[in-house]
Amino acid sequence: KEEIKETKKLKKEKKKLKKIKKEEKEEVKKLHPVLKIILKSLLFITISFLIYSVLIEPKLFEVKEYKLVEESLPDSLHGLKIVHISDINYGSTFTSKDLKKIITKINEVNPDIVFFTGNLIDKSLTIDNENKEILIDNLTNINTSINKYAIYGEHDNETFKEIMETSNFTILNNETSLLYYIDNNP
């Protein structure tokens with residue numbers, strides 16, 4: 001009799017466990033759609049961020065004009081146009097077509113001086129002769145009335161120096177250069 005009671009008791013316990021497991025599964029099923037929505041949202045946000053940061057943002061080129069009013073500057077510098085460019089990171093997402101667009105916009109400004117402040121080539125790219133020539137051809141086409149200057153960025157190396165010097169940029173490496181404009185005074 002006791003064995004029968006034990007068996008009945010065990011059966012009741014099993015039924016209770018099954019019922020609890022079934023309830024737990026139903027709760028998980030209720031949470032499941034919410035988790036799906038959250039995961040889908042996170043995936044969408046991540047993919048959108050990657051698309052923007054890799055395909056869109058590197059191609060954004062903005063021309064901003066600033067009028068510098070400084071009493072200590074001589075009148076001879078009035079109208080001097082300076083263009084500053086940096087972080088082209090040519091290679092993985094920035095193409096020769098993108099570079100040509102930038103050069104065209106720079107030349108439309110008709111600058112007197114151009115400053116390139118580093119990171120010409122994407123750090124993941126090993127530059128070959130074909131890409132070197134593309135960069136040189138494009139950068140040589142930047143027109144200025146005074147000069148083009150460049151400084152190294154954290155990813156630039158001797159290839160950068162070769163490209164910039166061949167493209168008629170003066171590389172400043174912890175040095176200065178006097179600028180002469182209308183009245184030939186520095």
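Sequence positions, counted from 1, serve as the residue numbers for this chain.
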- Query: What pair of heavy atoms forms the shortest contact from His155 to Ile121, and how long is it?
  - Reply: CB-O, 4.4 Å
- Which pairs with one or both residues in residues 123-133 pass salt bridge (charged side-chain N to carboxylate O under 4.0 Å, His left out), sequence neighbours excluded? Lys132-Glu162
- Query: In terms of hydrophobic clustering (I, L, V, M, F, W, Y; side-chain heavy atoms under 4.5 Å; direct or indirect links), are Leu39 and Ile47 co-clustered?
  - Reply: no
- Cluster link Leu77 to Leu68, ILVMFWY, side chain under 4.5 Å: yes
- Task: If the plane angle is over 60° it's perpendicular, under 30° parallel, otherwise tilted; pick one for Phe115 and Tyr149.
- Result: parallel
- Any chance you could measure His78, atom NE2, to Lys67, atom NZ, to the nearest 0.5 Å? 6.5 Å
- Item | Ile142 and Phe169, any side-chain heavy atoms less than 4.5 Å apart | yes
- How many angstroms lie between atom OH of Tyr152 and atom CG of Asn157, to the nearest 0.5 angstrom? 8.0 Å
- Same cluster (ILVMFWY, side-chain, under 4.5 Å), Ile51 and Leu43: yes
- Query: Under 4.5 Å between any side-chain heavy atoms of Ile151 and Asp156, yes or no?
  - Reply: no
- Is there a side-chain contact between Leu120 and Ile163, using heavy atoms and a 4.5 Å cut-off? yes
- Would you call Ile88 and Phe116 a side-chain contact if the rule is heavy atoms closer than 4.5 Å? yes
- Query: Hey, is the main chain of Asn143 close enough, under 3.5 Å, to the side chain of Asn107 for a donor-acceptor pair?
  - Reply: yes
- Query: Where do Pro111 and Ile106 come nearest, in terms of heavy atoms and distance?
  - Reply: CD-O, 3.2 Å
Ignoring hydrogens and angles, write down the donor-acceptor pairs under 3.5 Å from the side chains of residues 10-20, residues two or more places apart or on other chains.
none

- Query: Are the side chain of Lys148 and the backbone N or O of Leu139 linked by a donor-acceptor pair below 3.5 Å?
  - Reply: yes
- Query: How about Ile146 and Leu80: do any of their side-chain heavy atoms sit closer than 4.5 Å?
  - Reply: yes
- Message: Could you tell me if the side chain of Leu42 sits less than 4.5 Å from the side chain of Ile38, heavy atoms only?
- Response: yes
- Message: Let me confirm one number: the OG1-NZ distance from Thr144 to Lys81, rounded to the nearest 0.5 Å.
- Response: 13.0 Å
- The reported gap from CD1 in Ile127 to OH in Tyr90 (rounded to nearest 0.5 angstrom) is 6.5 Å
- Task: Over all heavy atoms of both residues, which pair between Asn89 and Phe94 is shortest? Give the atoms and the distance, please.
- Result: O-CB, 3.7 Å
- How many angstroms lie between atom CD1 of Ile102 and atom NZ of Lys97, to the nearest 0.5 angstrom? 13.5 Å
- Identify the heavy atoms of Ser167 and Thr140 that sit nearest to each other, and give their distance. CA-OG1, 3.4 Å
- Residue pair Ser86 / Thr117: nearest heavy atoms and the distance that separates them: CB-OG1, 3.0 Å
- Message: Using a 3.5 Å distance criterion without hydrogens, assess whether the side chain of Asn138 forms a donor-acceptor pair with backbone atoms of Ile134.
- Response: yes
- Decide whether Asn119 and Asp87 meet the rule of one side-chain donor and one side-chain acceptor closer than 3.5 Å. yes
- Query: In Å, rounded to the nearest 0.5 Å, how long is the span from CG of Asn131 to OG of Ser96?
  - Reply: 8.0 Å
- Message: In the structure I gave you, are the side-chain heavy atoms of Ile113 and Val83 within less than 4.5 Å of one another anywhere?
- Response: no
